[in-house]
Amino acid sequence: AQSVTQLGSHVSVSEGALVLLRCNYSSSVPPYLFWYVQYPNQGLQLLLKYTTGATLVKGINGFEAEFKKSETSFHLTKPSAHMSDAAEYFCAVSGGNQGGKLIFGQGTELSVKP
Amino acid sequence: EPEVTQTPSHQVTQMGQEVILRCVPISNHLYFYWYRQILGQKVEFLVSFYNNEISEKSEIFDDQFSVERPDGSNFTLKIRSTKLEDSAMYFCASRVTEYNSPLHFGNGTRLTVT
């Protein structure tokens, strides 16, 4: 079975500071990994995904994530936080015999201070 | 850009009543999903649907739940006799045929059971 753990349910950074949201996964097969963002009262929007190939993937809004198989991690980063980045971020995994469904982590709420 | 649409955005119902949540997936997508998110908790998989039948369901998706694709565009989730603990945000999602393609989510229906 696959699972996702997001370290830190709340992360607070200052505007302009580095954003680092942590995600570790468990999978017995090569995983497909995703980061989604959820703004208040909205659905989940895809930020980026890793399937195969380059392990550093770039997404929308200046975010990127690196797949590290040896560490079973897929941490999300952004060099400089913006106030508009304040939202809930979800890491998710799929693949193998999971039938294509996504398994989500518990989410990390990002706050950005002026 | 095509998107998944869900109606209504908010549904209030009394315990024991039946509710139907509606979704229009993206037109060329073939795999459909329902997820739910209880306030403050993670996004949980309910059911996946392909080729007019359920391909997988979670433990949450008991006999009170059913899904249907009554025509070529709508995808519905029915809860036969709602319970207080069914109060949650329900998200519909769809994807194209590729196994590693991301899920596209609707904005959700907030279900409140009183």
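Partner of B/Phe49 under the side-chain contact (heavy atoms from CB on, under 4.5 Å) criterion, chosen from B/Leu77, B/Leu30, B/Val67: B/Val67.
If you tally non-hydrogen atom pairs under 4.5 Å between each of A/Gln38, A/Glu109, A/Gln6 and chain B, the highest count goes to A/Gln38. The greatest number of non-hydrogen atom pairs below 4.5 Å with chain A, out of B/Gly40, B/Pro102, B/Cys92, is found for B/Pro102.
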Exercise for the section: Might you work through the side chain to side chain donor-acceptor pair (under 3.5 Å) test for A/Ser27 and A/Gln2, ending with a clear yes or no? Expected result: CA-CA 5 Å; A/Ser27 178; A/Gln2 295 175 314; 3.0 Å; yes

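Contacts between A/Gln45 and chain B at a heavy-atom distance below 4.5 Å are absent for every atom of the residue. Using a 4.5 Å cut-off between heavy atoms, B/Gln37 touches chain A through its side chain atoms alone. Looking at A/Leu46, only its side chain comes within 4.5 Å of chain B, counting heavy atoms on both sides.
Aromatic rings from B/Tyr31 and B/Tyr50 are positioned such that their centres are separated by under 6.0 Å.
A cation-pi arrangement is absent between A/Lys49 and A/Phe34 under the rule of less than 6.0 angstrom and at most 45 degrees off the ring axis.
Distance CG/A/Leu56 to NZ/A/Lys68: 10.0 Å, rounded to 0.5 Å.
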